[in-house]
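Indexing begins at 1, ligand by ligand and atom by atom, following the structure's order. Numbers for residues simply follow the sequence, beginning at 1.
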Amino acid sequence: MSLPTHVRIVEVGPRDGLQNEAQPISVADKVQLVDALTAAGLGYIEVGSFVSPKWVPQMAGSAEVFAQIQRKPGVVYGALAPNLRGFEDALAAGVKEVAVFAAASEAFSQRNINCSISESLERFVPIMDAARQHGVTVRGYVSCVLGCPYEGHVAPEQVARVARELYAMGCYEVSLGDTIGTGTAGATRKMFEVVSKDVPREKLAGHFHDTYGQAVANIYASLLEGISVFDSSIAGLGGCPYAKGASGNVATEDVVYLLNGLGIDTGIDLDTLMLAGQQICSVLGRPTGSRVAKARSAQ
Ligand code: HMG
Ligand code: MG
């Protein structure tokens with residue numbers, strides 16, 4: 001399979017990147033991050049989550065963040081919604097695209113959203129109905145596609161089953177998440193091979209956490225499987241509060257560097273992107289998780 005000429009990057013830093021931060025981050029700092037990402041040319045930014053603040057306190061101010069960001073026409077500003085309550089809050093905040101999130105493992109589903117996989121899928125049906133009614137688009141996530149922190153091995157067929165259900169209920173795209181970053185290039189190829197029998201490749205995205213340092217290799221493996229949408233997080237920020245030890249997503253800077261090297265267009269300016277990364281790292285008081293940003297700043 002030949003490589004794509006264009007890749008769409010879904011920037012999840014303001015959501016997946018920040019959701020696990022223990023220190024409070026102000027609305028102003030979150031807004032500055034989203035605006036800096038817009039300036040870098042990202043076409044999709046996941047801004048926040050409309051989840052229970054008891055479960056993920058850091059995302060509590062998401063409506064205020066949405067109210068203050070400068071929206072650039074053509075850019076999608078998305079948010080997570082785990083249930084109808086979250087969807088309604090997102091709608092009230094002016095959100096035009098939400099993401100629902102399920103898991104390929106029962107134990108992770110229970111820990112993350114307090115219900116079984118099938119209960120979660122049932123919970124999404126009224127979200128899909130309401131979204132259609134309000135002209136809101138819905139993206140789907142499947143977590144633990146290459147391993148679960150509680151159950152270990154996850155069969156690709158199980159990933160396919162959940163992805164197929166999300167696609168059938170109306171998610172226009174399903175992002176497959178290696179939540180704990182244990183996946184390898186071989187396992188990634190196998191997983192996409194199996195899932196793409198049920199969901200067309202052009203409707204699938206890859207979401208790789210970089211815990212084992214495999215994310216860039218896994219993205220390359222996914223490109224070879226015909227996948228052309230990838231989620232990533234500025235400066236490699238993040239982790240999942242319900243997957244202990246999981247590190248951030250692959251850094252957006254590193255993905256853009258990879259794709260630039262392959263001559264694949266992303267519409268993103270790497271230098272402006274690195275400024276966004278520097279800004280948020282200085283807010284957090286922590287070095288960047290991007291290897292590219294580290295190397296460039298050492299020059
Ligand atoms: P629950 O406790 O079973 O829900 O949580 P409940 O319906 O019994 O409600 C409990 C309380 O939460 C009630 O308040 C509700 O009103 C409130 P109380 O009466 O106790 O004061 N509540 C809400 N508040 C605000 N917004 C809402 C909402 N819903 C209920 N939407 C629930 C179930 C799903 C709400 C909870 O488990 C939850 O919020 N989980 C979110 C977990 C999360 O955000 N995890 C991280 C994102 S997923 C991820 O990172 C993976 C991903 O990146 C892909 C990958 O890497 O694999 C996407
Ligand atoms: Mg994630």
Side chain, backbone, both or neither: the part of Leu80 lying under 4.0 Å from ligand 1 by heavy atom
side chain
Any N, O or S atom of Asp16 closer than 2.8 Å to the Mg ion (ligand 2)
yes
Got an N/O contact under 3.5 Å between Asp89 and ligand 1?
no
Considering distance alone, does some N or O of Phe101 sit under 3.5 Å from an N or O of ligand 1?
no
Would you say Asp178 and ligand 1 have an N/O pair spaced under 3.5 Å apart?
no
For ligand 1 and Val51, I'd like to know whether there is a polar contact (N/O to N/O, distance under 3.5 Å).
yes
With distance as the sole criterion, is a donor-acceptor pair present between the side chains of Asp178 and His209 under 3.5 Å?
no
I want to confirm something. Looking only at heavy atoms, which of Asn83, Leu84, Ile113, Ile180 is nearest to atom 29 (N) of ligand 1?
Asn83
Is any side-chain heavy atom of Ile264 less than 4.5 Å from a side-chain heavy atom of Leu223?
yes
Check whether more than 12 heavy atoms from other residues, nucleotides or ligands sit under 6.0 Å from atom CD of Gln70, and answer yes or no.
no
Looking at ligand 1, is there an atom of it that comes within less than 4.0 Å of some heavy atom belonging to Ala81?
no
Which of the ligand 1 atoms, numbered from 1, are nearer than 4.0 Å to a heavy atom of Lys54
14 (O), 18 (P), 20 (O), 21 (O)
Suppose I only count heavy atoms of Asn114 and a 4.0 Å limit; which atoms of ligand 1 are within that range?
1 (P), 2 (O), 3 (O)
Just checking, Arg123 and Phe101: is the charged tip under 6.0 Å from the six-membered ring centre and within 45° of the axis?
no
Residue part near ligand 1, for Ser52, under 4.0 Å between non-hydrogen atoms:
both
Interfacing atoms of ligand 1 (cut-off 4.0 Å, heavy-atom, Thr179):
55 (C), 56 (O), 57 (O)
Begin from the C-alpha positions of Asp231 and Ser175 and carry the test side-chain hydrogen bond (donor to acceptor under 3.5 Å, both in side chains) through to its verdict.
CA-CA 8 Å; Asp231 305 349; Ser175 174; 2.7 Å; yes
Vertex the Mg ion (ligand 2): angle to NE2 of His209 and NE2 of His207, to 10°?
90°
Test of understanding: given a 4.0 Å heavy-atom threshold, classify the contact between Asn112 and ligand 1 as side chain, backbone, both, or neither.
both
Counting only heavy atoms not in Arg161, do more than 12 fall under 6.0 Å of its CZ?
yes
State the atoms of ligand 1, each with its element, that fall below the 4.0 Å cut-off from a heavy-atom position in Gly86.
31 (N)
Per-atom filter on ligand 1: closer than 4.0 angstrom to a heavy atom of Pro53 are 24 (N), 25 (C)
side-chain hydrogen bond (donor to acceptor under 3.5 Å, both in side chains) involving Ser52 - partner list, sequence neighbours excluded
none
Could you check if a side-chain atom of Lys203 sits within less than 4.5 angstrom of a side-chain atom of Val174, using non-hydrogen atoms only?
no
Go through the steps for Glu11 and Thr252 under the test side-chain hydrogen bond (donor to acceptor under 3.5 Å, both in side chains), then give the verdict.
CA-CA 7 Å; Glu11 170 58 54; Thr252 308; 2.6 Å; yes
With heavy atoms and a 4.0 Å threshold, my read on which part of Gln19 contacts ligand 1 is side chain
Phe230-His207 aromatic ring centre distance below 6.0 Å
no
Any idea which atoms of ligand 1 are less than 4.0 Å away from a heavy-atom of His209?
56 (O)
Atoms in ligand 1 flagged as close to Ser143, the criterion being non-hydrogen separation under 4.0 Å:
51 (C), 54 (C), 55 (C), 57 (O)
Selection from Trp55, Phe108, Phe87 by shortest heavy-atom distance to atom 2 (O) of ligand 1
Trp55
Tell me the contacting part of Gln110 for ligand 1: side chain, backbone, both, or neither, using a 4.0 Å heavy-atom threshold, strictly below.
neither
Provide the number and element of each atom of ligand 1 under 4.0 Å from a heavy atom of Phe50.
26 (N), 27 (C), 31 (N)
Geometric N/O contact Asp16 with ligand 1, under 3.5 angstrom:
yes
Decide whether the shortest distance between a heavy atom of Met59 and an atom of ligand 1 is less than 4.0 Å.
no
Have Asn249 and Ser232 got a donor and an acceptor in their side chains that come within less than 3.5 Å?
no
Side-chain donor-acceptor pair present, Glu97, Tyr44, cut-off under 3.5 Å:
yes
Name all pairs fulfilling the side-chain hydrogen bond (donor to acceptor under 3.5 Å, both in side chains) condition that reach into residues 76-90, sequence neighbours left out, sorted by first residue then second.
Thr38-Tyr77, Arg85-Asp89
Does only the side chain of Val56 get under 4.0 Å from ligand 1, or the backbone, or both, or neither? Count heavy atoms.
side chain
As a quick check of understanding, evaluate side-chain hydrogen bond (donor to acceptor under 3.5 Å, both in side chains) for Ser196 and Arg201, giving each step before the final call.
CA-CA 5 Å; Ser196 62; Arg201 288 167 203 261; 3.2 Å; yes
Can a donor-acceptor pair be found between the side chains of Ser247 and Asp210 at a distance below 3.5 Å?
no
